[in-house]
Amino acid sequence: MSITYSDFRSDTVTRPTAKMRQAMAEALVGDDVLGDDPTVLHLERLAAETMGKEAALYCPSGTMANSIAVKMWTNALEEVIVEERSHIYNMESTHMTFISGVTPRPVRSARGAMDPKDVVAAIRKPNVHTPQTTLICLENTHNNWGGAVVPLENFKAMRKIADENGLKVHLDGARIFNASAAAGVPVRDYAGQVDSVQFCLSKGLSAPVGSLLAASRERIDFGRRLRKALGGGMRQVGVLAAPGIIALTEMVDRLKDDHARAKKLAAGISGLPGVKIDPATVETDIVIFGFEHPSISVAAMLERMRAKGILALAVSGGIRMVTHKDVGDEDVARAVRAFKEILT
Ligand SMILES: Cc1ncc(COP(=O)(O)O)c(C=O)c1O
C-alpha cells in the first residue's frame, strides 16, 4: 500500500494552486531578454511597487537574486558583513567569493539581529593588508534562527551605521512577507531601510519558481546585465511569472495560518523525550528544535517519522519542520501523533 506523506521539510515544497496553473496556461508571453514579456513586466512593476523601490528584476532563484545584489554593490578586494548563520553566507555555495571576489565577514547575532556595536567593530578600512567593507547583508525572517523576525528597529540601526560609514545594505527577504505578517510591519517599511531587497515567490507564497530583486532603476538596469552574464536571462518566461503575480496578490494573507500551525506543532511536541524546544520562540512558519534522545539518533528519528508519513529535515543537532499551504491542521495533528507514538 502506498503511503501519503505530510511534507514538513520546507516551505519550498509548496505546489502551485489550480489558479496558478490556469494562469500559466493562459499567460501572455514575449521575449524577456528583449524586454517585451508583458507578464514579466507586470510582475516586476508589482514587485517594485510592493517594496517601494523604483524597479525590480525577475530572477530564477533567491540565490541568483542575492548573487546579483552582492555583485552590483561591490568590487573585488572588498568585504561584506554577514550574519554568521545567514543563508547568503552558509547555504549559497559561496557566490560572494566565486562571483563577486569579495570576502564575507560573519558577525554573531541574537536571533538574526546583529548588535550595532559588533557591526561597527567589523567594519574595515582598506590598507595594503585588509579589504574595504562596502556592504551589510541582512536576512528577514531568519531561516537558520528558526524563522525569527528581525525587528524594524534593528534595520534602522543598520541603516544608520551604513550611512555613517558609506556602506550599502542588502536584505535577503526570502521570507519578508512572513516577517511582515508576524510583526504587523508593512514590507515597504523594512525595504525602506535597505538599498536592495530580494524576496522569493517559491516558498510560502507557493509559486513554482522565482525571486525578485528590487532597488533603484539604475542598479536594476545593471543587475539585468549581471543576470544575463550569469545565464539567468530567460525568454518566454511569462508562463513562470504568471503564478508569481498570484503569489504576490493572493497568497500573502494566508501566511498567518502557517504561523499558527507552526506554533501548534511546537506546542504539541514540546516536552516529549528528546525534543528541545521552547514554543514561545516560534514566530513564523519554521520550527527548528534540538533532538537529543538516549537511544534514537536524529537520523533514526527522521526514518521513523518517514515510516509514519511525516517528512522533516536534519539540521545541526536537531530537526527542522516548516508549515506551509500544503500541510493543514490534520497534517500537524498527524505529526504530533507520530512524535508521541515514537517517543512515549
Ligand atoms: C533565507 C533564504 N535566502 C535565500 C534562499 C535561496 O533561495 P533559492 O532556493 O530560490 O535559491 C533561501 C532558500 O531556502 C532562503 O531560505
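In this chain, numbering begins with 1 at the start of the sequence shown.
Side-chain atoms of Glu83 and Trp145 include a donor-acceptor pair closer than 3.5 Å. Residues Asp172 and His87 bring no donor and acceptor atom of their side chains to less than 3.5 Å of each other. For the residue pair Arg124 / Thr130, no side-chain donor-acceptor distance below 3.5 Å is found, with atom types taken as modelled. Counted by atom type alone, Glu54 and Ser216 present zero donor-acceptor pairs between their side chains at under 3.5 Å. Glu139 and Ser86 share no donor-acceptor pair across their side chains, judged by distance under 3.5 Å alone.
Within the 4.5 Å cutoff, the side chain of Met51 has no heavy atoms near those of the Leu212 side chain. Side chains of His170 and Leu135 form a contact here, defined as non-hydrogen atoms less than 4.5 Å apart. Contact of the Val80 side chain with the Cys137 side chain is registered, since non-hydrogen atoms from C-beta on lie closer than 4.5 Å. Under the 4.5 Å side-chain criterion, counting only non-hydrogen atoms from C-beta, Tyr5 is in contact with Arg306. Side-chain contact check for Lys71 versus His95: every heavy-atom pair is 4.5 Å or farther apart. Contact annotation: the side chain of Met305 never approaches that of Leu311 to less than 4.5 Å [non-hydrogen atoms, C-beta and beyond]. Within the 4.5 Å cutoff, no side-chain heavy atoms of Val327 are placed close to those of Val332. By the 4.5 Å heavy-atom criterion applied to side chains, Thr17 and Lys325 are counted as neighbours.
Counting only distance, with no hydrogens or angles, the side chain of Ser10 and the backbone of Thr12 share a donor-acceptor pair below 3.5 Å. Using a distance-only test at 3.5 Å, with no hydrogens or angles considered, a donor-acceptor pair links the side chain of Asp331 to the main chain of Gly328. Side chain of Ser180 to main chain of Ile176: no donor-acceptor pair is present (N/O by atom type, distance under 3.5 Å, no hydrogens or angles). Looking at Asn140, its side chain never comes within 3.5 Å of a backbone N or O of Gly173 through a donor-acceptor pair. Of the possible donor and acceptor atoms, one in the side chain of Asn154 sits under 3.5 Å from a partner among the backbone N and O of Met114. Checked by atom type and distance alone, the side chain of Ser211 pairs as donor or acceptor with a backbone atom of Gly62 at under 3.5 Å. The closest donor-acceptor contact from the side chain of Asp189 to the backbone of Leu152 lies at 3.5 Å or more, if one exists at all. Using modelled atom types, one side-chain atom of Arg111 and one backbone atom of Thr281 make a donor-acceptor pair closer than 3.5 Å. Checked by atom type and distance alone, the side chain of Arg261 never pairs as donor or acceptor with a backbone atom of His324 at under 3.5 Å.
Residues in residues 47-84 take part in no ring pair (Phe, Tyr, Trp, His ring centres under 6.0 Å) pair, two or more places apart or across chains. The ring pair (Phe, Tyr, Trp, His ring centres under 6.0 Å) pairs that include a residue from residues 180-226 are Phe155-Tyr190, Phe177-Phe199, where partners are two or more places apart or lie in different chains.
The neighbour count for Asn127 CG, taken as heavy atoms of other residues, nucleotides or ligands under 6.0 Å away, is above 12. Counting heavy atoms of neighbouring residues, nucleotides and ligands inside a 6.0 Å radius, atom CZ of Arg235 exceeds 12 of them. For Arg188, the CZ atom counts as densely surrounded, since its 6.0 Å shell holds more than 12 non-hydrogen atoms of other residues, nucleotides or ligands. More than 12 non-hydrogen atoms from other residues, nucleotides or ligands lie less than 6.0 angstrom from NZ of Lys276. Other residues, nucleotides and ligands contribute at most 12 non-hydrogen atoms within 6.0 Å of the CZ atom of Arg15.
Partner of Ile136 under the side chain to side chain contact (heavy atoms under 4.5 Å, CB included) criterion, out of Leu138, Thr133, Thr134: Leu138 alone.
Here the CG atom belonging to Leu43 is positioned 10.0 Å from the CG atom belonging to Asp32, to the nearest 0.5 angstrom. Between atom CD1 of residue Ile286 and atom OG1 of residue Thr323 there is a gap of 9.0 Å, rounded to the nearest 0.5 Å. In this structure, CD in Glu303 is found 10.5 Å from CD1 in Ile342, a value given to the nearest 0.5 Å. Considering CD1 of Ile246 and CD of Gln22, their distance stands at 9.0 Å, rounded to 0.5 Å. Atoms OG and CG, from Ser196 and Leu213 in turn, are 5.5 Å apart once rounded to the nearest 0.5 Å. One finds the CZ atom of Arg9 at 12.5 Å from the CD1 atom of Ile310 (value rounded to the nearest 0.5 Å).
Under a hydrophobic clustering in which Ile, Leu, Val, Met, Phe, Trp and Tyr are joined whenever their side-chain heavy atoms come within less than 4.5 Å, directly or via other members, Ile68 and Met96 fall into the same cluster. Following chains of ILVMFWY side-chain contacts shorter than 4.5 Å, one can reach Met234 starting from Met20, so the two form part of one hydrophobic cluster. Hydrophobic clustering of Ile, Leu, Val, Met, Phe, Trp and Tyr side chains at less than 4.5 Å, counting indirect connections, unites Val282 with Leu272. Residues Met301 and Leu313 do not share a hydrophobic cluster, defined by chaining ILVMFWY side chains whose heavy atoms lie under 4.5 Å apart. By the rule that hydrophobic residues join a cluster once side-chain heavy atoms approach within less than 4.5 Å of another member, Val239 and Leu41 end up as members of separate clusters.
The two residues Gly238 and Ala27 have their closest heavy-atom pair at O-CB, 3.6 Å. In plain terms, the two heavy atoms of Ala266 and Ile277 that are nearest each other are CB-CD1, 3.8 Å. The minimum heavy-atom distance linking Phe8 with Ala335 is given by the pair CE1-CB, 3.9 Å. When all heavy atoms of His142 and Gly112 are compared, the closest pair comes out as CD2-CA, 3.5 Å. Nearest heavy-atom pair, Val275 versus Leu343, reported as atom, atom and distance to 0.1 Å: CG2-CD1, 3.8 Å. Among all heavy-atom pairs drawn from Glu283 and Gly147, the shortest one is CB-O, 4.2 Å.
A salt bridge links Asp11 to Arg175: one of the charged nitrogens lies within less than 4.0 Å of a carboxylate oxygen. Salt bridge annotation for Glu44-Arg224: present, with a cationic side-chain nitrogen under 4.0 angstrom from a carboxylate oxygen. In summary, Asp195 and Arg159 engage in a salt bridge, as defined by a charged side-chain N under 4.0 Å from a carboxylate O. At a threshold of 4.0 Å, the pair Arg217-Asp221 counts as salt-bridged, since one of the basic side-chain nitrogens sits closer than that to a carboxylate oxygen. A salt bridge links Asp118 and Arg108; the closest N-O separation between the charged side-chain nitrogens and carboxylate oxygens is under 4.0 Å. Salt bridge Arg45/Glu49: absent, no basic N to carboxylate O contact under 4.0 Å. At a threshold of 4.0 Å, the pair Lys203-Asp258 does not count as salt-bridged, since none of the basic side-chain nitrogens sits closer than that to a carboxylate oxygen. Note on Glu341 versus Arg304: no salt bridge recorded, every NZ/NE/NH1/NH2 to OD/OE distance being 4.0 Å or above. Ion pairing between a basic and an acidic side chain is recognised when a charged N comes within 4.0 Å of a carboxylate O; Lys264 and Asp329 show such pairing.
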Exercise. Give the C-alpha distance, both sets of side-chain angles, the deciding distance and a yes or no for salt bridge (charged side-chain N to carboxylate O under 4.0 Å, His left out) between Arg334 and Glu330.
Key: CA-CA 6 Å; Arg334 185 186 186 199; Glu330 61 291 355; over 6 Å; no
Practice problem: Walk me through it: do Thr284 and Asn178 pass the test side-chain hydrogen bond (donor to acceptor under 3.5 Å, both in side chains)? | Solution: CA-CA 6 Å; Thr284 57; Asn178 294 83; 5.4 Å; no
Exercise. Given side-chain hydrogen bond (donor to acceptor under 3.5 Å, both in side chains), test Asn66 with Glu92 step by step and report yes or no.
Key: CA-CA 9 Å; Asn66 281 336; Glu92 298 183 10; 3.0 Å; yes
